Student: 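Have a look at this one before I ask anything.
Note that the structure is predicted; figures quoted are calculated from it, not measured.
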Amino acid sequence: MFYHSKELQYKARVSKPDPRFARLLLEQFGGGNGELKAAMQYFVQAFACHNPYPDKYDMLMDIATEELGHLEIVGATIQMLLAGVNGNLKDAAESNDVFGEKNFSKEDFIHAAFSVNPQFGTVTGGGPCLTDSNGVPWQGSYVNANGDLTVDLRSNIAAESRAKIVYEYLMQFTDDPYVLDTLNFLLTREVAHFQQFEAALDTIQPNFPPGVLQSDPRYSNLYSNHSLGEDARGPWNEGRSPGLDEEWQYIEDPRRQVLETEGLTRCKPQGTERTEASVRSADKKLSKERSREVRRATPESNIEWCDYADSDGRKKRSAGTPRRQPVEQE
């Protein structure tokens, strides 16, 4: 159950209308890295966490709800940046004084509207629209939800990084101190959410590689040099790998390797200290552990989503909701 509080989380203000910056700010309203994308992504991801990871469900729903509040801040700022457009449009038949200039001809109006955003004048009547800054409609394909928490949390860390850098870029295109204050607040909240997702990921162990299967040790430490000329060297192709702690094997001529091994079907790479047997054992162990977490927390009959408080405010456990049991360690 959601409640709407009419007070914004941060007091959004603008010094004066600025339709051009309003168009740019649409990127964080209906764009692929914007606030609605974040809200929907975390909201959708939360469902798979409800039973096995109720603490992560709570976190994702909290942040998703805050992101909706940020969407409201962005929308309110866009509306204020477009102040006067709606009222002037209503009077366009008399004066055509849409953008505050006198003696606007029909041709002037069309040119001005399209130079900023045609939808402000022809569709939304001077309000924000659910598009990015180029008018591309928001779409559900922006949302990443894979049903594996270690994957989803990494997607969220990336999403917060992209949203932060968009706010950084936007701040270069306005000198309105009030708008800059708002953008600074929203940028900082992206940093906070990044840290929250990172901390949540650390509570899931093991969490690398993402998912369950541990990867084939014959190919997990290979670096193929697919560039002509002197290749750059660094911790991504020499020394030990950061995740699996395996020694990198540098393949100087990958085409030659492919031809000599018939596409890696014979004379397979030596691989790492891990063995195929140890990987299979780890796969089975982690598969059972993650599967048991979900199965143990999910009832098979009389399934209900939540508990409701009694008259004293105490939670009542639904008959179909199992008590959380600790995961057995092998």
Side-chain angles (χ1 to χ4, degrees), residues 1-2 9-10 28 32-71 73 140 142-168 185-215 241-245 282-283 285-298 305-307 315 321-330:
M1 181 180 291
F2 290 87
Q9 185 184 20
Y10 189 84
Q28 293 297 74
N33 299 308
E35 301 292 354
L36 181 61
K37 173 261 174 71
M40 290 296 96
Q41 179 158 307
Y42 310 153
F43 185 79
V44 172
Q45 289 175 354
F47 289 102
C49 299
H50 181 263
N51 286 334
Y53 306 108
D55 53 341
K56 310 305 188 301
Y57 174 85
D58 185 65
M59 177 196 69
L60 286 166
M61 281 295 186
D62 280 346
I63 298 178
T65 305
E66 182 181 351
E67 299 288 15
L68 285 174
H70 294 172
L71 182 71
I73 291 172
Y142 293 154
V143 172
N144 294 297
N146 296 98
D148 185 288
L149 193 53
T150 66
V151 175
D152 284 344
L153 289 173
R154 286 184 169 91
S155 292
N156 298 349
I157 290 169
E160 296 293 332
S161 300
R162 289 191 294 269
K164 176 186 179 291
I165 200 66
V166 172
Y167 279 123
E168 282 193 33
F185 168 77
L186 294 169
L187 177 151
T188 302
R189 293 307 298 159
E190 309 295 352
V191 176
H193 295 163
F194 181 110
Q195 296 176 91
Q196 290 163 358
F197 290 134
E198 197 169 43
L201 179 62
D202 286 342
T203 68
I204 305 171
Q205 296 296 335
N207 65 40
F208 188 88
V212 171
L213 300 181
Q214 297 299 292
S215 77
S241 62
L244 295 172
D245 191 29
D283 288 347
K285 180 178 180 180
L286 188 57
S287 295
K288 289 180 179 179
E289 180 179 336
R290 294 284 159 81
S291 176
R292 191 161 52 233
E293 287 178 348
V294 176
R295 291 177 181 275
R296 188 183 297 274
T298 305
W305 191 253
C306 60
D307 298 327
K315 287 264 184 135
T321 305
R323 295 186 185 277
R324 181 70 188 261
Q325 300 292 334
V327 176
E328 299 174 4
Q329 300 294 325
E330 293 185 354

Student: Which heavy atom of E35 sits nearest to which heavy atom of E190, and what is that distance?
Tutor: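 Scanning both residues, the minimum pair turns out to be OE2-OE2, 3.2 Å.
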Student: Between T203 and K56, do the side chains contain a donor N or O and an acceptor N or O under 3.5 Å apart?
Tutor: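 Indeed, the side chains of K56 and T203 share at least one donor-acceptor pair under 3.5 Å.
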Student: To the nearest 0.5 Å, tell me how far H70 NE2 sits from T65 OG1.
Tutor: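 If we round to the nearest 0.5 Å, H70:NE2 and T65:OG1 are 11.0 Å apart.
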Student: How long is the gap from CZ on R154 to CG on L201, to the nearest 0.5 Å?
Tutor: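 Those atoms lie 4.5 Å apart.
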Student: Could you report the tightest heavy-atom contact between Q41 and N144, atom names first, then the distance?
Tutor: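 Smallest interatomic distance, heavy atoms only, reads OE1-N, 2.9 Å.
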Student: Kindly determine whether E293 and K288 satisfy side-chain contact (heavy atoms from CB on, under 4.5 Å), including the steps that lead there.
Tutor: CA-CA 8 Å; E293 287 178 348; K288 289 180 179 179; over 6 Å; no
Student: Is a side-chain N or O of N146 found less than 3.5 angstrom from the main chain of D148, in a donor-acceptor match?
Tutor: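 A pair under 3.5 Å: no.
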Student: Taking all non-hydrogen atoms of both residues into account, name the closest pair between Q205 and D202 and its distance.
Tutor: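 So the two residues come closest at NE2-O, 2.9 Å.
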Student: Which distance, rounded to the nearest 0.5 Å, do you find between the CZ of R189 and the CG of L186?
Tutor: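 Reported value, rounded in 0.5 Å steps: 10.0 Å.
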Student: Atom CE in M40, atom CG in L68: separation rounded to 0.5 Å?
Tutor: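 Going from the CE atom of M40 to the CG atom of L68 covers 5.5 Å.
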Student: Start with the C-alpha gap between L36 and Y142, add the side-chain angles, then the distance that decides, and say whether side-chain contact (heavy atoms from CB on, under 4.5 Å) holds.
Tutor: CA-CA 10 Å; L36 181 61; Y142 293 154; over 6 Å; no
Student: Does T150 use its side chain to pair, donor to acceptor, with the backbone of G211 at less than 3.5 Å?
Tutor: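 Answer holds: yes.
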Student: Between D58 and D55, is there a donor-acceptor pair closer than 3.5 Å when you use the side chain of the first and the backbone of the second?
Tutor: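 Looks like no, no N/O pair under 3.5 Å.
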Student: Where do L149 and C49 come nearest, in terms of heavy atoms and distance?
Tutor: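 That would be CD1-SG, 3.5 Å.
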Student: Working to the nearest 0.5 Å, report the span between CG of D152 and OH of Y42.
Tutor: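 Reported value, rounded in 0.5 Å steps: 11.0 Å.
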Student: Does the ring centre of F185 sit less than 6.0 Å away from the ring centre of Y167?
Tutor: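 They do not qualify: ring centres at least 6.0 Å apart.
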Student: Decide side-chain contact (heavy atoms from CB on, under 4.5 Å) for Q45 and N156; before the verdict, give the C-alpha distance in whole Å, the side-chain angles of both, and the deciding distance to 0.1 Å.
Tutor: CA-CA 10 Å; Q45 289 175 354; N156 298 349; 2.7 Å; yes
Student: To check you understand the geometry: which heavy-atom pair defines the closest contact between S215 and L244, and what is its length?
Tutor: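 For S215 versus L244, the nearest heavy atoms are OG-CD1, 3.9 Å.
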Student: Please find the pair of heavy atoms, one from R290 and one from Y53, that lie closest to each other, and give the distance.
Tutor: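 Looks like CD-OH, 3.6 Å.
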Student: So, do F43 and L60 sit near enough that their side-chain heavy atoms are less than 4.5 Å apart?
Tutor: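 No, their side chains stay 4.5 Å or more apart.
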Student: Backbone N or O of Y57 within a donor-acceptor pair of the H50 side chain at under 3.5 Å?
Tutor: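 Absent.
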Student: Looking just at side-chain N and O atoms, do H193 and E66 make a donor-acceptor pair shorter than 3.5 Å?
Tutor: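 Yes, side-chain donor-acceptor contact under 3.5 Å.
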Student: Could you measure the distance from the CD atom of Q196 to the CE atom of M59? Nearest 0.5 Å is fine.
Tutor: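 One gets 7.5 Å once the value is rounded to the nearest 0.5 Å.
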Student: Within the side chain of N51, is there an N or O that forms a donor-acceptor pair under 3.5 Å with the backbone of T298?
Tutor: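 Pair absent, no side-chain N/O of N51 close to backbone of T298.
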